[in-house]
Amino acid sequence: MAHANWRLEGEWLKNCTCAYGCPCDFNARPTQGHCMGFLGMRIIKGHFENTSMDGVTFFAVVSFPGPLHEGNGQLQPIIDERASPAQREALFNIMSGQNSAEGTLFHICSLIVTKMHEPIFAPITLEFDEAARKARLVIPGVLETEVEPIKNPVTGADHRIQIVMPEGFEHRVGEVASSNIRSDGAIKFETRGGHSTLAHVVQTPQGVVA
């Protein structure tokens, strides 16, 4: 099947309500039996066919009643209001999964999400420092999160750990951290001390390449 020509390279952030070591990365059940969180990226360089995607930021808040592979998930897209109509349409085409090969991130999402909420277009502020394992995301009235390094429970020193997935469909190498999340969109929840992954990601129709 032929897919549109697209490529997204940028700063990837995934936070959720699970423990620091996200069970989904190990094909295990969510820490609390269900999973709520978000994922997305600030595109440094990208395109969809002839539309430049440079500088566009987007996220998706999700909720699953059990392990992700069992499906029945909900998703709400959030796109920076500065994205042009053409860029918004491009993101919808990518996120639909119809322009991705089987088994890739966006294709998988299209299979496990059964309820799609109306998209939100809002100002997005993202501070992102992968090396320091720190980030801050603010979408007023919609979603806020703070990310900081995991702390040693005895000394209080920063604890560094990476997740390496040579055949991962989301990223290949990610820095693991701790996150607080407040979600006030269609999928409402709040959590402290949950999971976070920060990564540099390159997604294409054939899947993640970095």
Side-chain angles (χ1 to χ4, degrees), residues 1-16 24-25 37-62 64 68-69 71 73-130 135 137 139 142-143 162-175 185 197-210:
M1 177 180 177
H3 303 293
N5 177 14
W6 62 270
R7 185 180 188 273
L8 303 180
E9 177 178 357
E11 298 164 329
W12 182 263
L13 182 63
K14 178 189 75 173
N15 293 358
C16 70
C24 292
D25 289 338
F38 71 86
L39 71 170
M41 70 189 302
R42 175 164 55 200
I43 303 167
I44 297 173
K45 184 176 182 180
H47 70 272
F48 180 87
E49 296 292 359
N50 295 322
T51 299
S52 171
M53 302 300 288
D54 295 5
V56 176
T57 303
F58 72 97
F59 287 95
V61 179
V62 297
F64 291 89
L68 271 62
H69 65 268
Q74 301 182 42
L75 183 150
Q76 183 168 41
I78 306 171
I79 299 174
D80 194 300
E81 64 181 11
R82 290 166 290 190
S84 70
Q87 290 171 329
R88 297 180 186 190
E89 185 64 25
L91 281 176
F92 290 140
N93 274 300
I94 293 171
M95 296 174 73
S96 73
Q98 296 177 1
N99 288 289
S100 296
E102 183 176 351
T104 57
L105 174 65
F106 295 107
H107 174 258
I108 291 172
C109 285
S110 73
L111 299 178
I112 61 177
V113 171
T114 55
K115 183 173 183 179
M116 185 71 71
H117 294 278
E118 287 294 318
I120 293 175
F121 302 100
I124 297 178
T125 300
L126 175 64
E127 300 171 9
F128 186 95
D129 189 335
E130 181 183 353
L137 172 67
I139 308 173
V142 179
L143 178 66
Q162 293 181 325
I163 293 292
V164 179
M165 293 188 282
E167 299 177 357
F169 59 80
E170 182 185 338
H171 59 78
R172 294 297 169 82
V173 180
E175 295 283 351
T197 295
L198 302 89
H200 182 88
V201 167
V202 179
Q203 286 279 356
T204 72
Q206 289 72 45
V208 64
V209 296

Discussion item. Let's go through Lys45 and Glu9 carefully: what are the C-alpha distance in whole Å and the side-chain angles of both, what is the deciding distance for salt bridge (Lys or Arg N to Asp or Glu O under 4.0 Å) to 0.1 Å, and is it a yes or a no?
Written reply: CA-CA 5 Å; Lys45 184 176 182 180; Glu9 177 178 357; over 6 Å; no
Could you tell me which non-hydrogen atom of [X] sits nearest to which non-hydrogen atom of [Y], and how far apart they are?
{"X": "Ala122", "Y": "Ile139", "result": "CB-CG2, 3.8 Å"}
{"X": "Trp6", "Y": "Asn99", "result": "NE1-O, 2.8 Å"}
{"X": "His3", "Y": "Gln98", "result": "ND1-O, 3.5 Å"}
{"X": "Ile163", "Y": "His171", "result": "O-CE1, 4.0 Å"}
{"X": "Ala90", "Y": "Phe48", "result": "CB-CB, 3.5 Å"}
{"X": "Asn15", "Y": "Thr197", "result": "OD1-N, 4.2 Å"}

Under a 4.5 Å cut-off applied to non-hydrogen side-chain atoms, are [X] and [Y] in contact?
{"X": "Gln74", "Y": "His117", "result": "yes"}
{"X": "Phe58", "Y": "Met41", "result": "yes"}
{"X": "Asn5", "Y": "His47", "result": "yes"}

Practice prompt. Apply the side chain to side chain contact (heavy atoms under 4.5 Å, CB included) test between Arg42 and each candidate in Ile124, Leu126, Leu13; give the one that qualifies.
Written response: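 Exactly one option meets the side chain to side chain contact (heavy atoms under 4.5 Å, CB included) with Arg42, and it is Leu126.
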Discussion item. Whether the side chain of Gln162 engages the backbone of Glu175 through a donor-acceptor N/O pair (distance < 3.5 Å, no angle test) should be reported.
Written reply: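 No: the side chain of Gln162 does not pair with the backbone of Glu175.
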Worksheet item: Do the side chain of Asp54 and the main chain of Gly46 share a donor and acceptor less than 3.5 angstrom apart?
Response: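 Checked: pair present.
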Please report the interatomic distance [atom1]([X]) to [atom2]([Y]), rounded to the nearest 0.5 Å.
{"X": "Ile78", "Y": "Leu91", "atom1": "CD1", "atom2": "CG", "value": "12.5 Å"}
{"X": "Leu143", "Y": "Phe38", "atom1": "CG", "atom2": "CZ", "value": "5.0 Å"}
{"X": "Ile79", "Y": "Arg88", "atom1": "CD1", "atom2": "CZ", "value": "7.0 Å"}
{"X": "Asp25", "Y": "Met165", "atom1": "CG", "atom2": "CE", "value": "4.0 Å"}

Worksheet item: Picking from His200, Gln203, Glu170, what satisfies side-chain hydrogen bond (donor to acceptor under 3.5 Å, both in side chains) with Trp12?
Response: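 For Trp12, the side-chain hydrogen bond (donor to acceptor under 3.5 Å, both in side chains) test succeeds with only one of His200, Gln203, Glu170, which is Glu170.
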Compile the donor-acceptor pairs under 3.5 Å between side chains in residues 102-115 and protein atoms, sequence neighbours left out, one pair per line.
{"from": "Thr104", "atom 1": "OG1", "to": "Ala101", "atom 2": "O", "distance (Å)": "2.6"}
{"from": "His107", "atom 1": "ND1", "to": "Gly103", "atom 2": "N", "distance (Å)": "3.1"}
{"from": "Ser110", "atom 1": "OG", "to": "His107", "atom 2": "O", "distance (Å)": "2.6"}
{"from": "Thr114", "atom 1": "OG1", "to": "Gly73", "atom 2": "O", "distance (Å)": "3.4"}

